[in-house]
*Asks:* 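Right, I'll just put the structure down here and ask away after.
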Number of protein chains: 2
Amino acid sequence: MTVTLADVAAHAQVSPATVSRVLNGNYPVAAATRERVLRAVDELDYVVNGPASALAAATSDLAGILVNDIADPFFGIMASAIQAEIGGSGGRAGCERLAVVCNTGGSPEQELKYLTLLQRQRAAAVVLTGGAVTDAPHAAAVAAKLRKLTDGGTRVVLCGRPPVAGTGAVTLTFDNLGGARAVTDHLVALGHRRIGCIAGPAERTTTRHRLEGHRLALAAAGIEEDARWTVHGRFDRRSGYEGALELLRRDPSLTALVAANDSVALGACAALRDSGLRIPDDVSVTGFDDLPCSIDAVPALTTVRLPLAEAGARAGRLAMGREDAPGDGTASVRGELMVRGSTEAPRE
Amino acid sequence: MTVTLADVAAHAQVSPATVSRVLNGNYPVAAATRERVLRAVDELDYVVNGPASALAAATSDLAGILVNDIADPFFGIMASAIQAEIGGSGGRAGCERLAVVCNTGGSPEQELKYLTLLQRQRAAAVVLTGGAVTDAPHAAAVAAKLRKLTDGGTRVVLCGRPPVAGTGAVTLTFDNLGGARAVTDHLVALGHRRIGCIAGPAERTTTRHRLEGHRLALAAAGIEEDARWTVHGRFDRRSGYEGALELLRRDPSLTALVAANDSVALGACAALRDSGLRIPDDVSVTGFDDLPCSIDAVPALTTVRLPLAEAGARAGRLAMGREDAPGDGTASVRGELMVRGSTEAPRE
DNA sequence: CTGTTAGCGCCTTCAC
DNA sequence: GTGAAGGCGCTAACAG
């Protein structure tokens, strides 16, 4: 039936052990023998049995990347960079890693499920991307699972989420607070005093930190926040549309809208347009992340650029052990304010 | 060290076989025994060794989804739907499949590499999404690989690409030709006669079929195509920007631009705006796919809606054997013309 | 219903 | 530099 290593050995007239050695390249083998084996592999069209070798070697060549929403380019861009770095280790045909992305859909249960599945596969590395859920029991469950993974020899990297103490996970966190602070500082500097905020899901760290940055900026400017000025939603366009409508219903005098991310901001823009309001003349709008679509908005979105691809690449290298972890295991990645056409001083 | 099935058996005072049986649920076990085993699993915090069970059972619970560009929502949406259908088979904790997406970056070599990796893992199913490369040697290599996969018991599904004869792969192809035909028919009906086309990469089936549909529409209208009216690029915004500029340089009298997809169309819109041209007053623009972003364009994009999520879900079910394949193994998925603000009759 | 017995295909000491 | 032998952890017939 299916060709095994023993078949190759017979064909090449060597022992199975020798075939194994040339395939794994971790051992000296005479050049002539190697040639013969390689030829046999080719002729028989042999493909290693992954599970068998993983079992025997107690390690697998699988690496998992967890994302909250694979249809969102925010994650796609990171995942792409991570995968390129992990899978692209141009080596011999036998040495590649299977870098693989798993979509949790933002669900804590799915996240845990995938971590278990990856643990079961004895994955060599796991990268968790994007904001975490702050719900205490779940956070504890994830922390416990991460600890077990690292204990089992799996390298764990957190990319774009806060560090989790005591897990042995290397972390690249995004400076969401600083970025959000910069955005609102910018609006305040333009003269805005009544700023609505369309925040993300209340239970996610990303939302919390961005909201906190926003509030710090308001406080620094001596602006007292009105409870009506904040709504929560998801990280999608629709939430932006509905959020903008709701905020303007609550307080039509708002002169600016700070959105949880670019998709939300685009939704908000659509709502403003549909309400007959002009951007930025009537209302300024800001996004976050600087995804490709933010530049196609009319007017282009003022936002915070997060170096997603760079961060992903670095996370990938960390996961492969090809780059040393920062001293304390955690590094912060800063965003950069991109001022574009969607913000302007409020009218008189 | 790490807990094994034997440990659980000892703890529960049953044989390893029994533990295996309750974990896999494919065999009758007394309720009391099952309880005992489950408790032991819990107390010992046991996690199945995936490679070992895959080896013994000669099947794995891994399913792969290949995409050309994970940062492109076109693939993200499909992958999300596929993964939900494959991974979400809410069963007991032991029965889930690891649905996993692999990003080929559109590279034929990567595609083959991932297929080999998946073959090595003895994947239960593989779904290939998006257009294929028409390059003959590569197409043959992929066909051969697919045949080997199906021979080895892996279920193979093609989603959004043409069928590959003799491989045993079930296919869901997109009616790119029909969709493109409808778009250009629409423009022609509006009165356009000089229509530029920003096509995708020349070597991909998606590009070919869309181009063919476009040309059929032109031919049907008795419009003789000018060779200057077509440029090729990638499926991204930038290609759209540059393509639009190039086409207008070649022939400033064009009154409409047909783009390879929505991203390309958005890029073209940006180029037109930057050139001081109004959409659709000066130039009409059309996209393809109807991604979420297409509705945020100003004006909203006339495009062809492809039911990506539905197609993905169906592909996922086919991959799981939860839905019967169409009679001849191939089904065509049609797109729907969405007429929006970006197209209009040309000015006098 | 449950225990026993063989492997699944490969890696890895150990000898030669 | 190469072969021989044991075992990785689990499943799948068999018996009972």
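Worth saying up front: this structure is predicted, and the values here are computed from it rather than measured. First the proteins, then the strands, lettered A, B, ... as listed; each starts at 1.
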*Asks:* Could you tell me how far apart A:Arg34 (CZ) and D:dT2 (P) are, to the nearest whole angstrom?
*Replies:*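 Roughly 10 Å, once rounded to whole Å.
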*Asks:* Would B:Glu111 and B:Lys145 count as a salt bridge (Lys or Arg N to Asp or Glu O under 4.0 Å) here? Give the steps.
*Replies:* CA-CA 10 Å; B:Glu111 182 170 272; B:Lys145 186 58 90 179; over 6 Å; no
*Asks:* How does each nucleotide of nucleotides 11-16 of chain D score, in 5' to 3' order, for protein heavy atoms under 4.0 Å: base (B), sugar-phosphate only (S), or none (-)?
*Replies:* SBB---
*Asks:* Please pick, from C:dC10, D:dT2, C:dC8, the nucleotide with the shortest atom-to-atom distance to any side-chain atom of A:Val29.
*Replies:*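 Nearest nucleotide to the side chain: D:dT2.
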*Asks:* Distance-only, no hydrogens or angles: does the B:Arg204 side chain make a donor-acceptor pair with backbone N or O of B:Gly106 under 3.5 Å?
*Replies:*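 Yes, because the side chain of B:Arg204 sits within donor-acceptor range (under 3.5 Å) of the backbone of B:Gly106.
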*Asks:* Choosing from C:dC1, D:dG1, C:dC10, which nucleotide comes nearest the side chain of A:Ala30?
*Replies:*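 It is D:dG1.
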*Asks:* Got a salt bridge between B:Glu323 and B:Arg155, using NZ or NE/NH1/NH2 to carboxylate O under 4.0 Å?
*Replies:*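 Looking at B:Glu323 and B:Arg155, the cut-off is not met.
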*Asks:* Roughly, in whole Å, what's the span from CG in B:Asn49 to C1' in D:dG7?
*Replies:*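 So the two atoms are 13 Å apart, to the nearest Å.
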*Asks:* By side chain to side chain contact (heavy atoms under 4.5 Å, CB included), which residues pair with A:Ala331, not counting sequence neighbours?
*Replies:*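 Here the qualifying residues are A:Leu172, A:Arg314, A:Pro326.
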*Asks:* Is the backbone N or O of A:Gly87 less than 3.5 Å from a side-chain atom of B:Lys113, with the two atoms forming a donor-acceptor pair by type?
*Replies:*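 Confirmed, B:Lys113 side chain pairs with A:Gly87 backbone.
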*Asks:* Grab the CG-C1' distance between B:Leu55 and C:dC8 for me, whole Å please.
*Replies:*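 Atom-to-atom, B:Leu55 to C:dC8, this comes out as 4 Å.
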*Asks:* Please compare B:Arg122 and B:Thr33 by the position of their nearest nucleotide in DNA chain C and report the one closer to 5'.
*Replies:*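 Nearest nucleotide further toward 5': that of B:Thr33.
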*Asks:* If you compare every side-chain N and O of A:Thr18 against the phosphate oxygens of D:dG3 (OP1, OP2), does one of them come in below 4.0 Å?
*Replies:*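 Looking at the OP1 and OP2 atoms of D:dG3, one of them is under 4.0 Å from a side-chain N or O of A:Thr18.
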*Asks:* Identify the two heavy atoms, one from A:Ala123 and one from A:Thr154, that lie closest to each other, and give their separation to 0.1 Å.
*Replies:*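 Where A:Ala123 meets A:Thr154 most closely, the heavy atoms are O-OG1, 2.7 Å.
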*Asks:* Check the distance between C:dT2's P and B:Gln13's CD and give it to me in whole angstrom.
*Replies:*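 Rounded to the whole Å, the gap is 14 Å.
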*Asks:* Quick check on D:dC8: is either OP1 or OP2 less than 4.0 Å from any side-chain nitrogen or oxygen of B:Thr4?
*Replies:*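 Answer no for this pair, as no side-chain N or O of B:Thr4 is under 4.0 Å from OP1 or OP2.
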